[in-house]
Amino acid sequence: MAAGVEATGSTVLSGATSTAYEALATRLRRLHDLDAIEGLVGWDELTNMPEGAATARGRQKAALAELNHREATCAAHGEAIAAAEAAGAADGCQWRAAVIRDARRDYNDAVRLPAALKAREAELSATGYHAWVKARSNNDWASFAPVLQELVDLRKEMAAVCADPGVAPYDYLIDKYERGMTEERLSEIFGALRTSLVPIIAKTLAAPALQHPAALLGAEGADTFPQAAQEAFCKAVATKMGFSFEFGRLDTSVHPFTGGTGPFDVRITTRYDTENFMDAVMGTVHEVGHALYEQGLNPAQDGLPVQRALSMGIHESQSLFWERYVGQSAEFWSAMLPEFHASFPHTAEAGVTAEDMYKYINKASAGFIRVDADELTYSMHVVLRFEIERALLAGKVQVADLPDLWRAKMKELLGVVPETDTLGVLQDVHWSDGSFGYFPSYTLGAMYACQFHAKAKEEIPGFDALVAAGDLAPIREWLRGKIHTVGSLHPSADELCEAVTGAALDPSIYVAHLNKKYSKLYNVSE
């Protein structure tokens, strides 16, 4: 675990000011613990819970949510925040100032949300998840559509009572994941990405396809990459990256995710396909990137709002930093190739090289599934979801329209049309609990990751050589010091980005990286 980061030159509290701050901190840690219990219940639901327990679990989650909401909105909690503010507890310490700032933000948001709506949210999220799992498995959009409509209605109702006057529902929902971000700003960013990336994607996909060793191509129905071997290799990768199994675990779920309760209990999942090792391996690298952020959060601020990850975009930047700039590099596969050969002996017999791995993992194609999309085309999957959510929350399209709209946008953005709803509108878990506004964070995270990587290469001597040697600790510790332990100290992701790189988010850095990488890989002109 990382050592705690204390604020240099912070004023030490005493007397009534200390008493007021500690009283607030005690309350905040209790709220954190209630959130942690909810997190563990949710993790169990997605990994171990029997299908028949769904209704009961919904009631349990609703009861927890109601208790949490009652604690977060009680008058005593508001009074504790006001007392810390009045006592000047924020003075002289940026960490305390951030704690009080975010406590006030959370409280003001929570008191606007009626307990009945909070409980309904928890219950409907449980119902929605299990309806989605069944619908996805059976390609049965009709069975999921009514639940999705309830979730859309619920989010609109929540926005109506919680958002500041004049704030549109989608802006309110986006801000839950990315502080200060708006639909208008995202439309500008994604519009620019559309304009810049479409020709890069087109020229790349028009180039001759990369050739790959047959040993990397699993035959349909064959056990080419046995699950047990994949599990062992994924654990080796996680260990190499620095994931602590003392404070974490790796399991299996339908949709890979990172959960748990904070730096001392981080739980990740992946999924396995015996015809394709990429799902599990790159899914593990991605989730370990999230997990390293969680395991690196500042223990000196344990249970306080400032310890939390700053935003979903910053969280995603940490997973994508590891996935795209370490796990997808030729240097990483040079380091991991002996372990890969040992896990899958047929690849050693076929003479598969690190360069072969690099080309295979970075191949570009216009596919149907977001989580399987390559680095080049991924952003268009996010643009699609953003545009659908924007229209749905504005009432410009209806839930019943989504399958056809999805197919039309896939054709427009990537030139392919999914044959089933399982490969289309039903593929993601996010809408099953009403997480509208979440998807943009993925592409924001990709751009932050690119900018962080450019700075890391400037500041870490021999970055690529370290990866090739399998020595990832200096890279992990750079991220830990610059981002992980900083938590939510900064009020926005742009301000954190400026603190780390010297500039706010600049999408052109991301576009330039993609153009350079894929032009070289596919031997086309930049």
Side-chain angles (χ1 to χ4, degrees), residues 35 38-39 42-43 46 98 102 105-106 109 121 125 155 158-159 169-183 185-186 189-190 193 255-263 266-269 283 286-297 305-324 370-371 378-379 381-386 389-390 393 428-452 479 483-484 486-497 500 504-505 507 510:
D35 284 338
E38 285 192 85
W43 170 84
L46 299 182
D102 285 357
R105 172 188 166 95
D106 292 347
D109 190 52
E121 176 188 35
S125 70
R155 291 301 181 216
M158 292 175 71
Y170 197 37
D171 281 340
Y172 168 76
L173 295 170
I174 292 168
D175 189 71
K176 303 291 283 184
Y177 305 105
E178 297 296 325
R179 296 183 187 186
M181 186 58 69
T182 64
E183 174 196 323
R185 175 62 177 143
L186 284 173
I189 293 171
F190 290 158
L193 283 178
H255 191 96
F257 71 95
T258 298
T261 67
V266 181
R267 306 182 183 204
I268 61 176
T269 69
H286 185 94
E287 297 306 330
V288 170
H290 282 303
L292 292 177
Y293 191 4
E294 291 291 323
Q295 290 187 334
L297 294 174
V306 72
Q307 183 193 45
R308 298 182 301 211
L310 178 59
S311 76
M312 291 296 100
I314 294 300
H315 222 310
E316 192 66 14
S317 80
Q318 297 309 283
S319 62
L320 291 176
F321 184 104
W322 285 101
E323 179 183 352
R324 294 183 176 176
R370 175 187 61 84
V371 296
Y378 188 96
S379 293
H381 288 270
V382 173
V383 168
L384 177 150
R385 288 153 176 80
F386 165 71
E389 289 186 347
R390 179 178 61 185
L393 270 297
D428 294 303
V429 68
H430 303 64
W431 289 348
S432 73
D433 71 351
S435 292
F436 307 109
Y438 191 133
F439 282 117
S441 295
Y442 290 120
T443 288
L444 292 173
M447 292 186 287
Y448 284 122
C450 188
Q451 198 157 325
F452 292 150
L479 291 168
I483 299 167
H484 302 174
V486 176
S488 291
L489 186 63
H490 298 283
S492 73
D494 259 345
E495 289 175 70
L496 172 64
C497 187
V500 174
L505 181 64
Y510 178 58

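Values in this document were obtained by computation on a predicted structure and should not be read as measured data.
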Check your understanding: Ion pair present between R308 and D35, side-chain N to carboxylate O less than 4.0 angstrom?
Key ->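 Between D35 and R308 there is no salt bridge, as every charged N stays at least 4.0 Å from the carboxylate O atoms.
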Let me confirm one number: the [atom1]-[atom2] distance from [X] to [Y], rounded to the nearest 0.5 Å.
| X | Y | atom1 | atom2 | result |
| --- | --- | --- | --- | --- |
| Y170 | L186 | OH | CG | 7.0 Å |
| H490 | R179 | NE2 | CZ | 11.5 Å |
| S441 | H315 | OG | NE2 | 11.0 Å |
| H290 | S317 | NE2 | OG | 9.0 Å |
| R155 | L173 | CZ | CG | 7.0 Å |
| T443 | I189 | OG1 | CD1 | 10.0 Å |

Check your understanding: Can you list the steps and then say if W322 with V288 is a side-chain contact (heavy atoms from CB on, under 4.5 Å)?
Key -> CA-CA 8 Å; W322 285 101; V288 170; over 6 Å; no
Identify the heavy atoms of [X] and [Y] that sit nearest to each other, and give their distance.
| X | Y | result |
| --- | --- | --- |
| I314 | S311 | N-OG, 3.1 Å |
| V306 | A98 | CG2-CB, 3.6 Å |
| P169 | A159 | CA-CB, 3.7 Å |
| S435 | E389 | O-OE2, 4.1 Å |
| Y442 | L320 | O-CD1, 3.6 Å |
| A309 | S488 | O-OG, 3.3 Å |

Is there side-chain contact between [X] and [Y], with heavy atoms separated by less than 4.5 Å?
| X | Y | value |
| --- | --- | --- |
| Q451 | C497 | yes |
| Y172 | D109 | yes |
| P305 | R105 | no |
| E316 | L444 | no |
| V486 | L496 | yes |

Regarding [X] and [Y], is there a side-chain donor-to-acceptor distance under 3.5 Å anywhere?
| X | Y | answer |
| --- | --- | --- |
| S492 | D494 | no |
| Q295 | H484 | no |
| Y293 | T258 | no |

Review point. When the aromatic ring centroids of F190 and F386 are compared, is their separation below 6.0 Å?
Key: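 F190 vs F386: aromatic centres under 6.0 Å.
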Review point. Can any side-chain N or O of D171 pair as donor or acceptor with the backbone N or O of T182 at less than 3.5 Å?
Key: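 Side chain of D171 to backbone of T182: no pair is present.
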Check your understanding: Can you tell me if E294 uses its side chain to pair, donor with acceptor, with the backbone of R267 under 3.5 Å?
Key ->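 It does not hold such a pair.
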Exercise for review: Could you give me the CA-CA distance, side-chain angles and deciding distance for L292 and Q318, then say whether side-chain contact (heavy atoms from CB on, under 4.5 Å) is met?
Suggested key: CA-CA 8 Å; L292 292 177; Q318 297 309 283; over 6 Å; no
Practice item. Give me the one residue out of F436, F439, F257 that meets ring-ring contact (aromatic ring centres under 6.0 Å, His included) with H430. Key: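 Answer to the ring-ring contact (aromatic ring centres under 6.0 Å, His included) test with H430 among F436, F439, F257: F439.
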